[in-house]
Amino acid sequence: MKKSQLIFITLAVIAAMLTGCQKTDVTPAYIVINKEDVSLAIDNLELTQFNSNSGLTARNFPYVWVTVDGDKLGIWELPCKVPVLNSGIVSIELQPGIEMNGMSTTCPEYPFVTTYKTSVFLEKGVETEIKPRFQYYKNNLEFPLVENFETAGTVFAPTDTSSPLYVQKITDPSLIYTNPDDPTDINTCSGYIQLKDSTTSFEIASDYIGLPGNGRSVFLELNYKCDHDLYAGLIVRQSTSIPSHESLVVMRSTKGEWKKIYINLTLAVSRNTTATGFKIVFSGATNGGTDIANYYFDNIRVMYIL
């Protein structure tokens with residue numbers, strides 16, 4: 001091998017080694033999303049079934065699903081600071097995540113709102129805040145049951161027709177539900193049941209409603225406050241047999257706080273392929289003796305995608 005060739009090869013090896021030692025800049029940019037900056041708008045909804053906002057802007061979105069330039073970055077608990085290797089102008093898609101049936105172990109995307117899409121400029125090492133405003137789908141949502149206790153009467157009645165215990169309407173501002181997310185959502189009444197003395201349990205149900213099967217998303221949503229366990233379920237009417245009960249969710253004591261829950265009816269409805277109607281059922285009981293139980297309800301609705 002000629003000396004000139006050896007020198008060339010040696011220089012090429014050194015250059016390759018130096019190139020391999022160069023560090024790639026992996027400093028991320030950051031997307032910041034605060035829970036209080038996440039909003040839910042009702043611009044797309046026909047509100048003929050509702051009184052004012054009727055709790056429609058109230059939400060419990062503790063998570064957000066993040067996609068950047070088509071790459072899914074997973075689910076993040078709010079508030080969050082999401083590291084992103086992309087920089088410059090990027091496309092961002094966000095979808096709110098919920099605790100299905102009140103369980104933090106099951107956190108799917110909320111299926112009734114459109115994806116929030118935006119483009120922002122990201123710079124490495126710099127935090128960029130995003131304030132997503134989610135919208136309900138416009139033309140393909142159905143609300144077969146709505147009870148916000150703002151109109152005369154109520155859609156819920158005792159399943160035992162001899163029971164004198166009906167849902168009361170209360171107006172005390174210190175007791176009724178107040179939407180912490182939207183000051184324009186004016187609420188004047190909430191539903192209330194108290195158990196004491198010889199009245200140690202209750203079970204109330206709606207009228208029968210029609211619900212779609214075939215795996216279409218069907219949810220029961222409500223705001224509630226209770227100091228004893230509150231049970232939610234379905235009464236399923238069959239064309240060939242007596243109605244059956246299906247238990248769904250147990251809601252534990254909220255310790256004096258109003259909570260929002262999303263209850264998934266999809267599987268229960270879809271597996272009852274011969275059902276001709278469904279009732280929404282709530283029930284509860286005291287621990288006996290002199291125990292007193294208090295249950296508060298508001299903004300109860302069933303919704304599904306057409």
Side-chain angles (χ1 to χ4, degrees), residues 45-46 48-50 54-56 60 98-103 105-113 136-149 151 153-163 165-167 191 193 201-224 226 229-251 260-285 295 297-306:
L45 286 181
E46 293 291 338
T48 54
Q49 287 180 274
F50 302 93
S54 298
L56 285 167
N60 181 17
I98 60 173
E99 293 182 349
M100 185 69 78
N101 299 333
M103 297 186 296
T105 54
T106 308
C107 310
E109 297 179 2
Y110 185 58
F112 301 118
V113 297
Y136 284 102
Y137 282 109
K138 184 173 184 179
N139 297 317
N140 60 345
L141 286 185
E142 185 70 19
F143 297 85
L145 185 150
V146 174
E147 178 56 271
N148 50 43
F149 302 101
T151 58
T154 174
V155 301
F156 288 92
T159 54
D160 179 359
T161 56
S162 65
S163 172
L165 186 65
Y166 281 77
V167 182
I193 289 178
S201 65
F202 80 93
E203 184 180 76
I204 57 174
S206 68
D207 293 331
Y208 280 111
I209 56 176
L211 297 174
N214 300 319
R216 281 188 283 178
S217 293
V218 186
F219 278 28
L220 164 64
E221 302 183 11
L222 69 143
N223 297 103
Y224 71 99
C226 58
D229 289 351
L230 173 63
Y231 299 82
L234 291 173
I235 294 177
V236 184
R237 182 178 61 191
Q238 304 285 357
S239 58
T240 58
S241 61
I242 62 174
S244 60
H245 277 66
E246 289 225 10
S247 298
L248 295 173
V249 171
V250 181
M251 291 162 270
K260 166 86 175 184
I261 191 170
Y262 303 88
I263 300 175
N264 189 6
L265 306 182
T266 307
L267 294 178
V269 172
S270 292
R271 65 171 168 257
N272 285 285
T273 56
T274 61
T276 59
F278 300 86
K279 288 186 176 185
I280 303 299
V281 181
F282 296 108
S283 62
Y295 300 90
F297 311 84
D298 217 332
N299 304 316
I300 304 169
R301 58 181 174 267
V302 175
M303 57 194 299
Y304 62 82
I305 297 178
L306 292 170

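Using a distance-only test at 3.5 Å, with no hydrogens or angles considered, a donor-acceptor pair links the side chain of Ser206 to the main chain of Ile280. Listed for the Glu147 side chain is a donor-acceptor partner under 3.5 Å among the backbone atoms of Val155. Counting only distance, with no hydrogens or angles, the side chain of Tyr262 and the backbone of Asn60 share a donor-acceptor pair below 3.5 Å.
The minimum heavy-atom distance linking Ala157 with Tyr166 is given by the pair CB-CE2, 4.2 Å. Of all heavy-atom pairs between Pro243 and Ile235, the closest is CB-CG2, 3.8 Å. In this structure, Ala232 and Ile263 approach most closely via the heavy-atom pair CB-CD1, 3.9 Å. Looking at every heavy atom in both residues, Ala275 comes nearest to Gln238 through N-OE1, 3.3 Å.
Taken to the nearest 0.5 Å, the CZ atom of Phe149 stands 6.5 Å off from the CG atom of Asp298. Separation of atoms CG (Leu222) and CG (Asn148) is listed at 13.0 Å; rounding is to 0.5 Å. Atom NZ of Lys279 is separated from atom CG of Leu234 by 12.0 Å, given to the nearest 0.5 angstrom. Going from atom CG of Asp207 over to atom CZ of Phe156 covers 9.5 Å, rounded to the nearest 0.5 Å. Taking CD from Glu142 and CD1 from Ile305, the interatomic distance works out to 12.0 Å, rounded to the nearest 0.5 Å. Distance check, rounded to the nearest 0.5 Å: CG of Leu248 to CG of Asn264 gives 9.0 Å.
Taking the six-membered ring wherever Trp is involved, the centroid distance between the rings of Phe282 and Tyr295 does not fall below 6.0 Å.
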field: Trace of the side chain to side chain contact (heavy atoms under 4.5 Å, CB included) decision for Leu56 with Arg301
entry: CA-CA 10 Å; Leu56 285 167; Arg301 58 181 174 267; 3.7 Å; yes
field: Criterion side chain to side chain contact (heavy atoms under 4.5 Å, CB included) on Asn101 and Thr106, from CA distance to verdict
entry: CA-CA 8 Å; Asn101 299 333; Thr106 308; over 6 Å; no
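Proximity of Val249 to Leu230: side-chain heavy atoms (C-beta onward) are nowhere separated by under 4.5 Å. Phe278 places a side-chain heavy atom less than 4.5 Å from the side chain of Asn272. A 4.5 Å side-chain heavy-atom check between Val281 and Tyr231 finds every atom pair outside the cut-off. With contacts defined as side-chain heavy-atom distances shorter than 4.5 Å, the pair Phe297/Ile193 qualifies.
In this structure Asp229 satisfies the salt bridge (Lys or Arg N to Asp or Glu O under 4.0 Å) test together with Arg252, sequence neighbours excluded.
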Which donor-acceptor pairs under 3.5 Å do the side chains of residues 209-218 make with protein atoms, sequence neighbours left out?
none

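The aromatic rings of Tyr110 and Phe112 sit perpendicular to each other, their planes meeting at more than 60°, with 30° as the lower class boundary.
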